[in-house]
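By convention in this document, chain letters (A, B, ...) are assigned in the order of the sequence lines, proteins followed by strands, and residues within each chain are numbered from 1. Quick caveat: nothing in here was measured; it's all calculated off a predicted structure.
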2 protein chains.
Amino acid sequence: MLKYQQIANEIQQDIEKNDLPQGTKLPVLETLMSQYKTSKSTVIKALSLLERKGLVYQVRGSGIFVRRHNRKGYISFSNQGFSDELSGFDITAKVLELDIQKPSAEVAFNLKIDPEDDVYYVKRIRYINGQTLCLEESYYNKAIVTYLNNEIATGSIFDYISNGLGAKIGFSDMYVHIQKLDENEAQHLGLQTGDPKLFVETIFYLNNGLPFDFSRISYNYEQSQFFFQSTGYSL
Amino acid sequence: MLKYQQIANEIQQDIEKNDLPQGTKLPVLETLMSQYKTSKSTVIKALSLLERKGLVYQVRGSGIFVRRHNRKGYISFSNQGFSDELSGFDITAKVLELDIQKPSAEVAFNLKIDPEDDVYYVKRIRYINGQTLCLEESYYNKAIVTYLNNEIATGSIFDYISNGLGAKIGFSDMYVHIQKLDENEAQHLGLQTGDPKLFVETIFYLNNGLPFDFSRISYNYEQSQFFFQSTGYSL
DNA sequence: CATTATAATTATACCGGTATAATTTATCAA
DNA sequence: TTGATAAATTATACCGGTATAATTATAATG
């Protein structure tokens with residue numbers, strides 16, 4: 001792991017472990033430099049990372065301060081997307097369908113593949129603390145996600161892609177809507193037809209820019225509480 | 001304006017003006033350095049800024065590439081929050097209420113002020129391209145936002161705070177929910193009771209960490225289409 | 001005591017350098 | 001042509017330095 005990431009992690013653990021309240025001032029740069037035996041630039045980079053994560057804010061001439069924590073029960077929605085921000089929650093999944101298909105024109109377009117190429121189609125319900133969280137339909141470019149099975153899809157597919165396949169997930173584009181549930185969706189989520197849903201279309205890319213996953217997710221509005229932090233562009 | 005911000009702006013304009021498609025490779029660092037007559041570090045900083053904004057992605061050993069553009073009709077939802085990402089849309093507002101109040105316990109808590117301190121309370125409907133976009137209730141710390149009137153509140157209050165008052169807006173915490181409209185809200189937004197809404201509570205902070213605005217916004221689900229880009233934490 | 005001017009503190013901008021890791025291109029052998 | 005190997009390209013990590021701007025603390029002044 002990179003030095004500045006390591007330092008960012010340690011500072012983060014320090015904040016969380018000691019439960020430092022909002023406004024707490026961290027040691028000055030000079031102190032951090034000697035504490036972590038590194039250069040100024042590296043400390044600054046670590047702190048920028050933490051600022052991007054919403055953990056701290058920096059005030060020129062004054063210091064570096066701890067930012068507000070998440071409310072309880074809210075899903076942290078960072079620049080990473082939801083996916084790995086679910087730690088602390090009990091997440092499970094039930095696979096409704098899993099097979100290899102030829103993509104529709106829309107799917108092929110979003111995955112930037114040929115309609116003749118294969119994709120893995122996965123439909124599943126995800127649960128958070130025993131409640132239905134969302135209904136998800138995902139299309140994976142089979143040239144990248146070479147293999148999937150029921151067991152993998154019952155857990156975290158992204159974990160498998162990262163750790164199992166060794167692919168590096170980069171960034172994503174999300175299109176967010178508020179809509180009403182149709183009858184079929186309502187049944188799957190245990191809600192009423194016409195109830196609200198958060199509907200999100202996402203294209204996930206590897207860190208080299210290749211799209212590998214196009215997904216449509218309908219969230220159960222009763223479980224849809226998200227915490228989101230903005231940071232300004234001054235870093 | 002800072003050099004790296006200036007460079008970032010020029011590159012952004014270059015991308016948008018020439019409508020460079022996704023995947024277009026930008027000039028290599030060395031070229032950008034001489035083109036903008038600056039150091040490597042400054043170019044890298046400019047590019048990191050653009051990466052955070054979701055305009056480009058960088059691939060080590062390969063190059064810097066243009067990222068996907070927004071779909072038409074979607075509101076860009078960046079780390080800045082909605083507020084100033086509405087360029088290209090016709091935004092207006094109707095003020096329903098504007099007065100000076102003593103804050104409730106919740107408002108005082110979120111603005112970190114005393115219940116005896118004054119706040120400006122503003123309730124308004126905002127319109128996008130003539131349609132109701134949202135119903136907004138905002139509480140401004142009067143010690144920071146010293147003056148407000150009907151005319152200001154009909155336009156962009158944040159513009160006024162930035163440019164008129166010279167305050168520097170820093171970051172924000174947002175709590176996002178999906179709910180159903182009550183009768184009163186539905187009437188204001190021209191929708192039906194029970195229709196979906198996106199409900200967002202936000203605390204806005206100055207760049208020195210002081211909260212100056214606590215707001216509750218209910219969005220019209222028909223206008224609620226947002227484009228959101230994540231970036232990964234590798235910068 | 002309040003106000004103003006000055007100094008110290010502190011984070012940030014900007015520079016330019018070396019080393020490194022990922023990718024792409026060129027080279028060579030089978 | 002294919003596949004392996006080597007070289008070139010390219011972005012990034014990390015270093016340590018000077019200059020600068022914002023804030024905070026201190027001193028001086030009335």
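Taking the nucleotide of DNA chain D with the nearest heavy atom to each of A:F65 and B:I44, the more 5' of the two is matched to B:I44. Heavy-atom distances to DNA chain D give each of A:K40 and B:S62 a nearest nucleotide, and the one nearer the 5′ end belongs to B:S62. Taking for each of A:E30 and B:T38 the nucleotide of DNA chain C with the nearest heavy atom, the 5'-most of the two is the partner of A:E30. If you find the closest nucleotide of DNA chain C to B:M1 and to A:N207, the one lying nearer the 5' end belongs to B:M1.
Counting to the nearest Å, the C1' atom of D:dA11 and the CD atom of B:E51 are 11 Å from each other. Between the C1' atom of C:dA21 and the CG atom of A:N208 lies a distance of 15 Å, rounded to the nearest Å. Between A:Y36 atom OH and D:dC14 atom P the separation is 15 Å, expressed in whole Å. Counting to the nearest Å, the C1' atom of C:dT9 and the CD1 atom of A:I64 are 13 Å from each other. Put simply, CG on A:L2 is 13 Å from C1' on D:dA11, counting in whole angstrom units. Following rounding to the nearest Å, A:L47 (CG) and C:dT10 (P) show an atom-to-atom distance of 15 Å. Atom CD of B:Q5 and atom C1' of C:dA13 are 10 Å apart (whole Å). The distance from atom NZ of A:K168 to atom P of C:dA21 is 11 Å, rounded to the nearest whole Å.
Judged by distance alone, with hydrogens and angles left aside, B:R60 brings no side-chain donor or acceptor close enough to the base of D:dT9 to form a pair under 3.5 Å.
Note on B:S41: a base of the nucleic acid sits closer than 4.0 angstrom, heavy atoms only. If you check every strand for non-hydrogen atoms under 4.0 Å, A:L29 touches a base.
Contact record, A:P27 with A:L32: O-CD1, 3.6 Å, taken as the closest heavy-atom pair. A:Y175 and B:H69 make their closest contact through OH-O, 3.9 Å (heavy atoms, listed as atom of the first residue, atom of the second, distance).
With distances taken from any side-chain atom of A:K45 to the nucleotides C:dA13, D:dC14, D:dA13, the minimum falls on D:dA13. Distance from the side chain of B:K25 is smallest for D:dT10 among the nucleotides D:dC15, D:dT10, C:dC14. Ranking C:dT10, D:dG16, D:dT10 by closeness to the A:V28 side chain, first place goes to C:dT10. In the set C:dC15, C:dA13, C:dT12, C:dT12 carries the atom at the smallest distance from any side-chain atom of A:Q58.
Residue pairs meeting the ring pair (Phe, Tyr, Trp, His ring centres under 6.0 Å) criterion with at least one partner in residues 20-44 of chain A, sequence neighbours excluded, are absent.
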Return a table of donor-acceptor pairs under 3.5 angstrom between the side chains of residues 204-217 of chain A and protein atoms on other chains or two or more places apart.
unit_1 : atom_1 : unit_2 : atom_2 : d
A:Y205 : OH     : A:D173 : OD2    : 3.1
A:N208 : OD1    : A:L210 : N      : 3.1
A:R216 : NH2    : A:E106 : OE1    : 3.0

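The closest donor-acceptor contact from the side chain of B:S230 to the backbone of A:S172 lies under 3.5 Å.
Residue B:Y4 has no polar side-chain atom (N or O) positioned under 4.0 Å from OP1 or OP2 of C:dC14.
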